[in-house]
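Reviewing the structure listed below.
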Amino acid sequence: MGIYKTIDTAKNGMLIPVFQSGRTMESRYNPLRDAENLCNTITTEAGFFLVIGIGSGLFIQTLIDKYPSAKITAIELFSEDVAFLRQLETIKSLEDNQNIILTDLDNLQKTLLQNYFPAKYGDLQIIEQKAWLNENQEKIPEIKNEIQKALGIISADYSVQAHFGKIWTSNILNNAKLYKSTKNFTFNISNEIKSKTAVIVAAGPSLDSTIKTISPRENFYIIATDTAGSSLKKRGITPDVIISIDGQNVSFNHFIHSAPSPLYSFDLCANFSAVQHIADNNSKILFFCSGHPLAEAINSSSGYPLPKFFSGAGTVTITALDFALQAGFSKILILGADFSYMHGKAYTSGTYLETLYQKDSDKLYTAEKLYSKLMYRTSLIQISNNCFTTSVLEAYKMSLEKYLNMKGIKFFKKNDIYEISVDSNSLNQIKIISSTPDLFNNFIKKFISSNPEETETLLLPYLAWLRHNEKFKKSSYKELLKLAFDSIVSYNI
């Protein structure tokens, strides 16, 4: 049941909706004056407004008149209320404006996630229409909860973009340029190999005990995450493929001491120095995309020669799993995917961190102290006596299991090993493209012919970095957009 029952006419002739209680959200005398008074209290520089209560739409119209370039989302409780209000000409006019979105509480979180980009709009301001809130007091906690959940997700994503935006952009452009000259792999895995069990090896502490599962070696196709590569080398095991999605400079350390592999698979966002190191050794490389808009645009400009692998909340273990599924493996094990610190350990033995920490260790600053600093950098959540996790690690775990459930894939975890069995007929294997187009130049030609406004979506992560940078904080969005566009064109990242 909706919250409105009819439309009334105010003393000044304007149409206003009437609540089921008989009260109105706007004044029965001069609703326009009240809308203007509320609008005049706003002095913010926010570029995105969330208005609680749509009503006659007069306030929203006044707000967009004052801030014509702002984005406005306004909500009602139920979809039938939005439909009811569409009989008003003001509401029809608002919905014709692409900067205004009218929605309901059920779709609020989704609407914010799809439309509020801090890199573009800056701050978000919530505006509450008091009469509407007074009429719907019992729903206020639910509304606040939905807003907090959405903004929590957006804030976390923006923080990552603000930190990695420049690194990703630089890596993507460099890797796209390198692609033409690398020894590329075409993702053609034989049926004989696919009859084996695919083992995804992550670098969690439990790998110390579960590694014995990989025996006899010839029965398994080993897909190692980058962190696990050097650990496998120290155990005398050569993986069939090593996968990396990490763009940070520290990622290079994974490949200095890792086991040589017949194949390396890199996200286009991955650390360029690591990719260059592998390319210099003349190893086969399979580049892929995992969702970055710039990488997707580069892939699109050459007819999608790169496969797309899923990375979920940002863990390479999910990417390795998606690789295995798209390659056509129906029997899959995942080792070392603990998403927790076990028995005082953050990682399995043999990772590059072990080498680094032991090298820097002395009597006063031991390796154990360095590991503790790593583990206690964020609040720990106790799972059992000897097992702790963090909100980030828990998000990785949930992302992996949500991915499997979403695909309808049955799995169970026993003795720290994920066991997955897939109907081979349900696998969506990736298309094989044998050509090696000029990714970089094909993209640049298309990009230069565009204008900055047409390319803003693919620049958003870099724009987040620019907006967060002290040097550019006072720049307008248009100035930041032009700077990002010019940086790509001049290849000056």
Listed partners of D104 passing side chain to side chain contact (heavy atoms under 4.5 Å, CB included), at least two apart: S79, D106, N107
Distance-only polar pair, side chains of D322 and Y403, donor-acceptor under 3.5 Å: yes
Polar side-chain atom of S265 near backbone of L286 as donor-acceptor pair, under 3.5 Å: yes
Test of ring centre spacing under 6.0 Å for F440 and Y179: no
CA sep, side-chain torsions, deciding dist, call: Q276, D280, side chain to side chain donor-acceptor pair (under 3.5 Å): CA-CA 6 Å; Q276 182 73 69; D280 288 345; 2.9 Å; yes
Exercise: do E296 and Y304 side chains pair donor with acceptor under 3.5 Å: no
Modelled atom types, side-chain donor and acceptor of R235 and T348, under 3.5 Å: yes
Ring geometry between F472 and W465 (parallel below 30°, tilted from 30 to 60°, perpendicular above 60°): tilted
Check: Y462/Q161 side-chain N/O donor and acceptor closer than 3.5 Å: no
Aromatic ring pairing Y121/F48, orientation class (parallel under 30°, perpendicular over 60°, tilted between): perpendicular
Side-chain ion pair, E419 and K414, N-O less than 4.0 Å: no
Under-4.0 Å salt bridge between R217 and D240: yes
N442-S301 side chain donor-acceptor pair, cut-off 3.5 Å: no
Whether S399 side chain and K397 backbone form a donor-acceptor pair below 3.5 Å: no
Whether S155 side chain and G152 backbone form a donor-acceptor pair below 3.5 Å: no
No-hydrogen, no-angle side-chain donor-acceptor test under 3.5 Å, N171 and N174: no
is_close_aromatic(F266, F288), centroid dist under 6.0 Å: no
CD1 on I420 to NZ on K410, rounded to 0.5 Å: 14.0 Å
Aromatic ring pairing Y158/H468, orientation class (parallel under 30°, perpendicular over 60°, tilted between): perpendicular
S261 (side chain) donor-acceptor with Y264 (main chain) under 3.5 angstrom: no
Geometric class of the F443/F447 ring pair [parallel <30°, tilted 30-60°, perpendicular >60°]: tilted
Side-chain H-bond candidate by donor/acceptor type, D226 with S244, under 3.5 Å: yes
F323 ring center within less than 6.0 Å of F309 ring center: yes
Nearest-0.5 Å distance that lies between atom CG in L466 and atom CG in L480: 5.5 Å
